[in-house]
Amino acid sequence: MSKEITSRKDDYSQWYNDLIIKGGLADYSAVRGCMVIKPYGYALWENMRDVLDKMFKDTGHQNAYFPLFVPKSLFEKEEENAEGFAKECAVVTHYRLKVNPDKKGALMVDPESKLEEELIIRPTSEAIIWNTYKGWIQSYRDLPLLINQWANVVRWEMRTRLFLRTAEFLWQEGHTAHATAEEAVAETKQMLEVYADFAETYMAMPVIKGVKSANERFAGALDTYCIEAMMQDGKALQAGTSHFLGQNFAKAFDVKFSDKENKLDYVWATSWGVSTRLIGALVMAHSDDDGLILPPKLAPIQVVIVPIFKGEEQKKAIDEKVSVLVKELKQAGVKVKYDDSDNARPGWKFAEYELKGVPLRIGIGARDIQNNVVEVARRDTREKKSYPMEGLADSLVNLLNDIQQSIYNKAFNFREEHITPAETWDEFVKLLDEKAGFISAHWDGTGETEDKIKELTKATIRCIPLNNTKEEGKCILTGQPSNQRVLFARAY
RNA sequence: CGGGGCGUAGCGUAGCCCGGUUAUCGCGCCUGCUUUGGGAGCAGGAGGUCGCAAGUUCGAAUCUUGCCGCCCCGACCA
């Protein structure tokens, strides 16, 4: 009867899957590694997308759209990038099917239709975009070029997980071109700030801004900046990245511009992206064993109203009250749903909207109408309280703000409690096994040491925090000198 | 790619080892009545290529072989 949700304690990853499926965010599909994003999940994505889109436009970017297919000859131009993604590319080799003469009702690939050049389904769009930019940029007057695209990409991952890693996913990718390295770096950092602001202000998910070690850097980038979030099981989740690409792509695709002195130079590039993975992050950051907990600023439904009545007469009286309230709430910019469907009783609805993470639920029945109040239930704390009808819209708006802040604080406190310094290797290993979270430790700065640590513990360097204080110390593994701590964790 | 699991009604399942009436049960769905402040009750009803294909057999959800698909764990990765 009830939609049983596996508890976090019993099986964290099953809990996650239960929330996605039973909360109605997505479904498995007939395609390996690909999911169907259901209306409720897509509404969440639309809300995230709308906010981000506005932030991008406010920082001077424009949207455009580039092809899904990338000819192999273009794809391979920036070598490092091509090699980094080579293992996970879907490749189109033919353009036609025909009826299979040996098998009735079946189709086969028409061998006659082999493409002269294979088309790569974009795992990321640098290649096709930089090939295009070559035609768009001649002069310093054409710069900066600030473009974003909302798109789907395909990465043929060995193992997939709903939202966190699917073979096809939705994302945005910004690709900018600049006249100077300084300007490109500033853009890279600016977009990192945009992402961090979005994560913290809208997702109510605290993040650590940092820079990736060379090992974890985007293929083809000189520097990869990132925001790292901590999930409730203590694992890290990379929630967004912003790359300073130097002149790598400009050189690979021969994109040059004339400066004021008529001197030719290659342009400087950035790229940055966040994906539907953010939905996975959102789910794991806040939700509990009863279902999703969504931040009010992104929730598809912020307030749900459930009528409780005996007989048509009561229902009518409730309808009247509610229609006024709904109007007020809409005027106050609140996304409200009045669920007067008759196929479920109130108790069922309560449980259902808790599962779906609706921040506030209003119960209204005959006795409330008599007292001119409603019962308001908070999803995050599960607290129930009566509120007077008078000024209710304002009270609810305040409550929504309160919830937004309160789930942020909760996530923030959790994270702070789960960042632990380690001074010795033994301590490091012990912490990884016994305490969930990030470990702050010294590292000698070499890729070899990082690889070794990963091999021994599965922990990786999540980032070198941007606001790091310099501090002398010794590498946790090799004992070599180090001048700052970095954050280690097991990651999604 | 290695290891494990699963495939029976919209969903979740029993039956399979040991072949044999009409394939089990719950949820959901339809109709009616009663209900409605935490996942309603009663009564009646509809709904099935038992993943696909071949084989064994008088007879296959059940046995054999082959295939397909999805999920989970690990290596790769956002």
Side-chain angles (χ1 to χ4, degrees), chain A residues 1-6 11-14 16-18 20-22 27-35 84-89 103 106 123-124 153-173 195 212 215-219 224 226-229 236-243 271-281 290-291 306-312 314-315 318 340-355 361-371 373-375 377 382 384 386 454-455 458 460 462 491-492:
Chain A
M1 148 109 284
S2 67
K3 296 189 187 173
E4 281 295 320
I5 294 172
T6 308
D11 186 342
Y12 190 83
S13 87
Q14 189 55 48
Y16 173 78
N17 286 334
D18 282 355
I20 302 291
I21 300 290
K22 291 172 180 169
D27 253 345
Y28 294 112
S29 75
V31 189
R32 190 203 78 100
C34 296
M35 64 177 177
F85 285 103
K87 296 186 308 268
E88 49 193 75
C89 288
K103 211 174 162 195
T124 180
V153 288
V154 169
R155 296 183 186 175
W156 213 262
E157 302 287 352
M158 293 182 195
R159 197 163 110 58
T160 56
R161 299 197 66 187
L162 293 167
F163 285 114
L164 296 177
R165 180 167 298 109
T166 46
E168 180 193 8
F169 58 93
L170 305 182
W171 78 345
Q172 58 70 216
E173 45 182 328
Y195 287 155
K212 288 287 189 191
N215 282 11
E216 300 280 323
R217 203 176 277 155
F218 177 73
T224 288
C226 63
I227 51 172
E228 292 286 328
L237 189 137
Q238 179 177 304
T241 47
S242 183
H243 315 291
S271 71
W272 28 274
V274 296
S275 72
T276 35
R277 176 178 240 210
L278 286 180
I279 294 178
D290 294 315
V306 177
I308 301 149
F309 57 92
K310 298 185 174 82
E312 273 310 302
Q314 288 191 3
K315 171 73 166 39
I318 294 169
D340 66 342
S341 60
D342 65 354
N343 59 348
R345 294 164 71 261
W348 192 91
K349 292 177 186 174
F350 294 172
E352 184 65 14
Y353 289 109
E354 271 157 23
L355 174 59
R361 183 190 72 233
I362 294 178
I364 175 164
R367 99 187 162 211
D368 299 305
I369 289 196
Q370 204 144 43
N371 301 325
V373 297
V374 296
E375 181 189 77
R382 311 208 59 169
K384 284 196 276 197
S386 266
K454 185 177 179 182
E455 193 189 314
K458 286 186 196 158
T460 50
R462 299 322 304 159
Y492 278 99

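First the proteins, then the strands, lettered A, B, ... as listed; each starts at 1.
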Against the side chain of A:K384, the closest entry in B:rA78, B:rA75, B:rG38 is B:rG38

A:P346 has its side chain closest, among B:rG38, B:rC73, B:rU36, to B:rU36

- Within the structure shown, what part of the strands sits under 4.0 Å from A:A344 by heavy-atom distance: base, sugar-phosphate, or nothing? nothing

In whole angstroms, the gap separating C1' of B:rC27 from CH2 of A:W348 amounts to 11 Å

Tell me what A:K458 touches on the nucleic acid: a base, only sugar-phosphate, or nothing, going by heavy atoms under 4.0 Å. sugar-phosphate

A:L164 near the nucleic acid: base, sugar-phosphate alone, or nothing, with a heavy-atom cut-off under 4.0 Å?
-> base

Winner on side-chain proximity to A:Q238, out of B:rC73, B:rA78, B:rG38, is B:rA78

Determine the interatomic distance between C1' on B:rG10 and the same-named atom on B:rG47; round to the nearest Å.
-> 10 Å

Worksheet item: Can you tell me if the side-chain N/O atoms of A:N17 get under 4.0 Å from OP1 or OP2 in B:rC71?
Response: no

Requested in this report: Using modelled atom types only, decide if a donor and an acceptor are shared between the side chain of A:Q172 and the backbone of A:V274 within a distance under 3.5 Å.
Outcome: yes

A:N215 CG to B:rC76 C1', in whole Å, measures 14 Å

Closest to the 5' end of RNA chain B, once A:F169 and A:M158 are matched to their nearest nucleotides, is A:M158

Atom CD of A:E375 and atom P of B:rU36 are separated, to the nearest Å, by 17 Å

Atom OH of A:Y492 and atom C1' of B:rC72 are separated, to the nearest Å, by 14 Å

**Report entry** Verdict with supporting geometry, A:Q238 and A:R277, side-chain contact (heavy atoms from CB on, under 4.5 Å)
**Finding:** CA-CA 9 Å; A:Q238 179 177 304; A:R277 176 178 240 210; 4.0 Å; yes

Item to check | Parallel, tilted or perpendicular, as decided by the 30° and 60° cut-offs, for the rings of A:W272 and A:Y195 | outcome: perpendicular

**Asked** Between A:T460 (side chain) and A:K454 (backbone), is there a donor-acceptor pair under 3.5 Å?
**Response** no

Between the CD atom in A:E157 and the CZ atom in A:R32, the distance rounded to the nearest 0.5 Å is 9.0 Å

Does the side chain of A:R32 get closer than 4.0 angstrom to OP1 or OP2 of B:rG69 through an N or O atom?
no

Of the listed B:rU36, B:rG38, B:rA75, the closest approach to the A:I308 side chain comes from B:rU36

Whole-angstrom distance between B:rC50 and B:rG66, as gauged at atom P
22 Å

Expressed as a whole number of Å, how far does the P atom of B:rG20 sit from that of B:rU62? 11 Å

With respect to the phosphate group of B:rC73, does any side-chain polar atom (N or O) of A:S13 fall under 4.0 Å of OP1 or OP2? yes

B:rG7 -> Watson-Crick or G-U wobble partner, both distances under 3.5 Å, gives B:rC68

Across every strand shown, the nucleotide meeting Watson-Crick or G-U wobble geometry with B:rG59 (both distances under 3.5 Å) is none

Taking a pair to mean Watson-Crick or G-U wobble geometry with both distances below 3.5 Å, B:rC33 pairs with B:rG41

By nearest-heavy-atom nucleotide on RNA chain B, the more 5' of A:S29 and A:T166 is A:S29

ask   = For atom P, what is the distance between B:rG19 and B:rA60, given to the nearest Å?
value = 14 Å

B:rG48 -> Watson-Crick or G-U wobble partner, both distances under 3.5 Å, gives none

* Asked: Under the 3.5 Å rule, do the base of B:rG37 and the side chain of A:K310 count as making a donor-acceptor pair?
  -> no

From OH of A:Y16 across to C1' of B:rC71 the rounded distance in Å is 15 Å

Quiz item: With sugar-phosphate meaning primed atoms plus P, OP1 and OP2, does A:Q14 contact a base, only sugar-phosphate, or nothing at under 4.0 Å between heavy atoms?
Solution: nothing

From CD1 of A:I318 across to P of B:rG37 the rounded distance in Å is 12 Å

Atom CD1 of A:I369 and atom C1' of B:rU36 are separated, to the nearest Å, by 15 Å

Margin query: Categorize A:V31 for me: base, sugar-phosphate, or nothing, with a 4.0 angstrom heavy-atom threshold over every strand shown.
Written below: sugar-phosphate

Quiz item: Which value, in whole Å, describes the distance between the C1' atoms of nucleotides B:rG3 and B:rU22?
Solution: 42 Å

Answer for the Watson-Crick or wobble partner of B:rG2, both distances under 3.5 Å, is B:rC73

B:rA54 and B:rU13, which share atom name P, separated by this distance in whole Å:
29 Å

- Message: Could you check whether any side-chain heavy atom of A:P123 comes within less than 4.5 Å of a side-chain heavy atom of A:V153, counting everything from C-beta outward?
- Response: no

Check: Does OP1 or OP2 of B:rG37 have a side-chain N or O of A:R345 closer than 4.0 Å?
Finding: yes

For B:rG28, the nucleotide meeting Watson-Crick or G-U wobble distances (both under 3.5 Å) is none

CD1 (A:I5) and CG (A:N17) are apart, to the nearest 0.5 Å, by 12.0 Å

Closest of B:rG39, B:rG37, B:rC76 to the A:D368 side chain is B:rG37

d(A:I20 CD1, A:R161 CZ) to nearest 0.5 Å is 9.5 Å

Separation of B:rC71 atom P from A:E157 atom CD, nearest Å, is 14 Å

Phosphate OP1/OP2 of B:rC72 contacted by A:Y28 side-chain N/O (<4.0 Å): yes

Value for CG (A:L278) from CG (A:L170), rounded to nearest 0.5 Å, stands at 11.5 Å

Query - B:rC72 and B:rC30, which share atom name C1', separated by this distance in whole Å - result: 37 Å

Could you work out the separation of B:rA46 and B:rG2 based on their C1' atoms and round it to a whole Å? 47 Å

If pairing means Watson-Crick or G-U wobble with both distances under 3.5 Å, then the partner of B:rG19 is none

